[in-house]
Protein chains: 2
Amino acid sequence: MPNTADDLRAIALAEFTTAGYSATSLHRIAELAGLSKSSVLYHYSSKETLLEATVAPAIDRMTAILDELSSGPFTPARRTAFLEEFVDFILQYRREVNLFINQGPSLIDVPVIDRANEVVYRLAEHFAATTGSIEDKMRFGIALGGAAYTLCSQDELGFALPIDETRAALVTILTELLAPIPVASLSNQEK
Amino acid sequence: MPNTADDLRAIALAEFTTAGYSATSLHRIAELAGLSKSSVLYHYSSKETLLEATVAPAIDRMTAILDELSSGPFTPARRTAFLEEFVDFILQYRREVNLFINQGPSLIDVPVIDRANEVVYRLAEHFAATTGSIEDKMRFGIALGGAAYTLCSQDELGFALPIDETRAALVTILTELLAPIPVASLSNQEK
DNA sequence: GAGTAACCTGACCGATCGGTCAGGAACTGT
DNA sequence: ACAGTTCCTGACCGATCGGTCAGGTTACTC
């Protein structure tokens, strides 16, 4: 039985990702929830507080994954397990990730966005995207931004692909994108 | 000698992509241009008109590329040439593409966005992303959304990677992402 | 000098924004 | 019956939004 505060959080998340944070009014959120604007401000003291509550669960989850990952050696086996964990994470929290990816730069001085930036930095470290070549950095960026975009554009366009197939495809593509490249696929380019 | 109207267009593009369309006020654009808000509305009769002028060049360019491509057979050689053309396009118009990718859903009933959607659909056809498997659709989405995100996050974070290396890396990654994979998933090659 | 077109401006408008506040309604425990 | 807490509301506030309008300034033409 979800309470009103959770309803508002879910509605806000959907509106923030589709219409944009600044384009979403508290009146609009209240309308979708069947409440008045004052009621929204009763549950969340400000629009920014509502934003914080909206993205915080995703950040907490990713932080937990990274913490658990840092507790041991980064073997190839754990790497592939981590990639699947990451896929499941981004499937569950695609809207939150998309919100951060696309609107993060415009939401500076919001504390929760700083936390999100930190998490993304830690995530990038595990894919050598902070120390590696330009191509490695771009592979990480394309995987992160591309996955968030692809998954959310499905929602926005109204249709939904079957989750199990989506998950399998995502694992395949991200593995190909992020795995340490075997010598074979470097063959075609110059230098 | 750049035109005042062109200045405004460039300023608007930068602000629309970083801060978001609805979060960018005409006053802000005027301030950055050293003009008054009334002057902005002299050159562009409305905020929406300014948006149209901002994204139109990118759409025109991509339309031209697609038209020229449709005029002949889609041989493998032309396919790779087209991919490089696409990379050059997205490098030049990364802000416009990012604007459409991220804020397009919130800008419905703006005519220029409809044109952009049409262009993206035509683009998707060339990568079998409208007829292919779920994985093919996702490959296209990840390539498009990921490239736009990665290139624009560079600008937003203030640093700029060397363009020639960026271009080479982008060609490599997108080829790997979008090219029909030899053995693994060649289900949709002929048909 | 008169006319005119391009460019720019401040004052102003109605609408909407996020947020405050006093208080009503319903449910508790006593 | 009483008081307290929770939840919700409309009225209201100052600020800002996109946009209109009348008019000022420059420069070029006749």
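Computed from a prediction, not measured in an experiment: that's the story for all the values here. Any value given below was found using the heavy atoms of this structure, including those in side chains, with hydrogens, waters and symmetry copies removed. Chain A is the first sequence line, chain B the second, and so forth, proteins listed ahead of strands; every chain is numbered from 1.
If you measure from atom CZ of R28(B) to atom P of dA15(D), you get 20 Å, rounded to the nearest angstrom. When rounded to the nearest whole Å, the span between CG of N3(A) and C1' of dC8(D) equals 15 Å. H27(A) has its NE2 atom 17 Å from the P atom of dC8(D), to the nearest Å. The distance between atom CD of E31(A) and atom P of dC17(C), rounded to the nearest whole Å, is 10 Å. Note: CD1 (I29(B)) to P (dC8(C)) measures 15 Å, nearest angstrom. Note: CG (L51(A)) to P (dG19(C)) measures 11 Å, nearest angstrom. To the nearest angstrom, P of dC21(D) lies 14 Å from NZ of K37(B). Straight-line distance from the CG atom of L26(A) to the C1' atom of dC8(D): 15 Å, rounded to whole Å.
Within the nucleic acid shown, T24(A) comes within 4.0 Å of sugar-phosphate atoms alone, with no base atom in reach, counting heavy atoms only.
Between D164(B) and R167(B) no salt bridge is recorded (no basic side-chain N to carboxylate O distance below 4.0 Å). One finds a salt bridge joining R139(A) and E176(B) here, because a Lys/Arg side-chain nitrogen approaches an Asp/Glu carboxylate oxygen to under 4.0 Å. Using a 4.0 Å cut-off between charged nitrogen and carboxylate oxygen, R61(A) and D88(A) do not count as a salt-bridge pair.
Listed in residue order, the members of residues 39-47 of chain A having a heavy atom less than 4.0 Å from DNA chain D are S39(A), Y42(A), H43(A).
The phosphate of dC8(D) (OP1 or OP2) has a side-chain N or O of T4(A) nearer than 4.0 angstrom.
At a threshold of 4.5 Å between non-hydrogen side-chain atoms, the residues V55(A) and L99(A) count as touching.
No hydrogens or angles were tested; on distance alone, a donor-acceptor pair under 3.5 Å links the side chain of S38(B) to the base of dG10(C).
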Step-by-step side-chain contact (heavy atoms from CB on, under 4.5 Å) determination, Y149(A) to N102(A): CA-CA 9 Å; Y149(A) 165 68; N102(A) 295 331; over 6 Å; no

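A cation-pi geometry, defined here as NZ or CZ lying under 6.0 Å from the six-membered ring centre and within 45° of its normal, does not hold between K37(A) and Y42(A).
The aromatic rings of Y21(B) and F16(B) stand perpendicular to each other, their planes meeting at an angle above 60°, with 30° marking the opposite boundary.
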